[in-house]
Amino acid sequence: MTATMTDQPAQAQDAGGPAGEGPGVAASLEAVLLVADEPVPESVLAEVVQRPAADVIAVLRELADSYTRERRGFDLREVAGGWRLYTRAECAGVVQRFVSDGQEVRLTQAALETLAVVAYRQPVSRARVSAVRGVNCDGVMRTLVLRGLVEEAGTDQETGATLFRTTGYFLERLGLSGLSDLPELTPFLPEADDMTDGGRGNGQ
Amino acid sequence: MTATMTDQPAQAQDAGGPAGEGPGVAASLEAVLLVADEPVPESVLAEVVQRPAADVIAVLRELADSYTRERRGFDLREVAGGWRLYTRAECAGVVQRFVSDGQEVRLTQAALETLAVVAYRQPVSRARVSAVRGVNCDGVMRTLVLRGLVEEAGTDQETGATLFRTTGYFLERLGLSGLSDLPELTPFLPEADDMTDGGRGNGQ
Amino acid sequence: MTIMTTGETGETAAAGGFQVHLDVFEGPFDLLLALISKHKLDITEIALSSVTDEFIGYITALADAWELDQASYFLVVAATLLDLKAARLLPSGEVDDEEDLALLEARDLLFARLLQYRAYKEVAALFASRMAEQARRFPRRVQMEPRFAEVLPEVLIGLGAAEFAAIAARMLKPRTPAAVSTAHLHMPQTSVREQAEILLARLRSLRRATFRQLIAGCAGTYEVVARFLAVLELYRDGLVGLDQADPLGELVVCLALRQSSQQDPDQEDDRDHD
């Protein structure tokens, strides 16, 4: 129970391990991730295991790599600004057979396009999105909000229009760790586009 | 490190399965156990991974042993007639710090909405709540149960669906002495409300 | 990753004319892109004027199924395409006149919006494949082990009972089907015909007056406009004569001679043009 100042297993104090020796950082991280029900930021993990963030990141990456190397059924991934345990993609068939409940409903083309515009233009009003798509998007936007992929983000100071942005769940669904992971839009735009305003906007 | 949009779909070929087709039994079991909410009987696991129960048991035991040998943060245990992943006992301290860390948890809008529907329509099934909210509420309901605000209340006689009701802790958190203290909805409902059923329902 | 061609492409483009198939296109850009890729054309000016007929054919075929707000987007694009096509049929010279400039601007804007839309559409396709791939992975999300559930921090509802009830009321409120708002419409406050009567009455006593005189006392711009339209109507019907010395100069309106023999303006119906 005594906290030694050695840099060995730093988190040994309260772990109550049998042989008086606490779990290693890797084991501690595994345990924490096992009870987490959303992506856990590195800073939180670092605080919980009481190690510098850099160490924690290194261990997380090594864990993730080892799971892949060992072809385990789980997978440690960095998404939506944090780390979270997932089942491995190759096991999808088995897991689906087991859960069988709510498979995600596929988004319509309209919803996907609206989501794309919101992702790159956020915060953005419905009217702006409609202008880009050339078609009204009110119903689609409501669906995206209900699905938790998009949320309200205040109102436009000039027009008073409600603004929308993507959510953390959106990042998770796409397996992105942050908005900066979105592919650049420019390669898709042959010319220095965009009459309406400054492109990507405040994507972050 | 972070996944970018241009990633190829992860190596979909084999995952340690014999003869390189699909994931192996061990990986499949790990994946299923990762998403299992309660102990899973061997018979169920055998059916899901489509292997004889004896094989499955052998693999489960070997997995459990290897987790212990490798001093992983998780622990595969046979309890209550099934197998479930738990955090390793040695890691209890870290996990506790993680779980209890941070301030009070503020409910999300989705959780508040679900809670509100349960409060005024109890006992109520998940399907009913989902229908009212227009979006699946399974995850949110689980959170509410986990947080002790909502609990199971038997099953619907006709449909067999699990019913839910609010708890005493819910009343406490809302500062009410009983369900009869919940404000009437009528003043909030502009129109003669609720075609679906008899208003407040059996609230008490 | 290569850019994928999206949408309903080529193979079905059998020889011989446009075939209506009932794809529902997500807006005019979607349709335009589909047409362009069907002909394996680049997005160029030629592409735009070449697909004009099919574009118009499509919106004609759908004439009965339009929703109003959707139709307007399509019509704006169709009008622009027609302009562009017409311009290509004419011998082209240097751009020197304002109409040409406006046309060029319209074309460039249409290009830009089309390209922009295509970019988002391609990204949307990436999103779709990405999501499909991600859906194969299930996150860990299970009930807390009982020994830890006890140490979970308190839940903060953060609302009073009344606010909580308001949320419930909002959720449980029966949904009324969406209705088209007519709030932006307003009742016309006058009519051309009404103004025509006023005009004729005044002219009968004055015989001749400047337009400025005739609009004295108008209640607002809408009335001035209506009265001006009435002047044009009366002129068309030969009931008044107009005289204007120079452009933007004073407009003089006089009662036509044959008007002296009292024709009843009530027989005049301002809807019977053409």
Side-chain angles (χ1 to χ4, degrees), chain A residues 11 13-18 21-24 26-37 40 44-45 47-50 61 68 70-75 77-79 85-95 97-99 101-102 146-148 151 174-178 180-183, chain B residues 1-7 9-17 22-24 26-36 40 44-45 47-50 70-74 85-99 101-102 109-110 133-136 138-139 142-143 146:
Chain A
Q11 62 289 83
Q13 311 89 329
D14 50 2
E21 202 182 319
S28 298
L29 290 172
E30 282 182 331
V32 168
L33 289 166
L34 200 68
V35 299
D37 61 0
V40 191
V44 172
L45 291 171
E47 201 179 308
V48 169
V49 304
Q50 300 176 330
R61 290 193 176 152
T68 304
E70 297 158 12
R71 300 185 153 161
R72 298 207 165 269
F74 34 77
D75 191 9
R77 308 175 61 221
E78 189 182 5
V79 287
L85 286 170
Y86 284 82
T87 60
R88 194 163 292 280
E90 293 84 78
C91 301
V94 184
V95 177
R97 214 174 301 142
F98 178 71
V99 268
D101 68 344
L146 280 176
R147 292 275 176 77
E151 65 189 2
L174 258 72
L176 301 175
S177 68
S180 54
D181 276 356
L182 282 173
Chain B
M1 156 81 219
T2 55
T4 63
M5 297 284 298
T6 50
D7 275 348
Q11 66 288 24
Q13 341 84 325
D14 70 12
S28 297
L29 290 172
E30 282 183 330
V32 170
L33 289 166
L34 192 74
V35 295
V40 192
V44 173
L45 289 171
E47 197 179 310
V48 169
V49 303
Q50 300 174 327
E70 296 159 13
R71 314 189 74 182
R72 298 211 165 265
F74 29 78
L85 284 172
Y86 291 90
T87 53
R88 189 160 295 278
E90 297 163 82
C91 301
V94 187
V95 175
Q96 217 163 68
R97 200 179 312 142
F98 172 72
V99 171
D101 212 25
Q109 187 63 28
R133 291 189 58 231
V135 64
N136 183 296
D138 293 6
R142 184 160 41 212
T143 304
L146 181 66

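On a predicted model such as this, the values are computed, not experimentally measured, just so you know. Lettering of chains follows the sequences in order, A, B, ..., and the numbering in each one begins at 1.
If you measure heavy-atom distances from A:Ala36 to chain B, the contacts under 4.5 Å come from both the backbone and the side chain. Only the side chain of A:Val40 comes within less than 4.5 Å of a heavy atom in chain B; its backbone stays farther off. Heavy atoms closer than 4.5 Å to chain B are found in both the backbone and the side chain of A:Leu146.
The residue among B:Leu45, B:Thr87, B:Val44, B:Val48 with the most heavy atom pairs within less than 4.5 Å of chain A is B:Val48.
Look at A:Arg72 and B:Glu70 and you find a salt bridge, because one of the NZ, NE, NH1 or NH2 atoms lies within 4.0 Å of a carboxylate O, short of that distance.
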Full working for side-chain contact (heavy atoms from CB on, under 4.5 Å) between A:Gln50 and B:Val94
CA-CA 9 Å; A:Gln50 300 176 330; B:Val94 187; over 6 Å; no
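For CD of A:Glu151, the number of neighbouring non-hydrogen atoms (other residues, nucleotides, ligands) closer than 6.0 Å is greater than 12. Taking a 6.0 Å sphere around CD of B:Gln109, one finds it holds more than 12 heavy atoms contributed by other residues, nucleotides or ligands.
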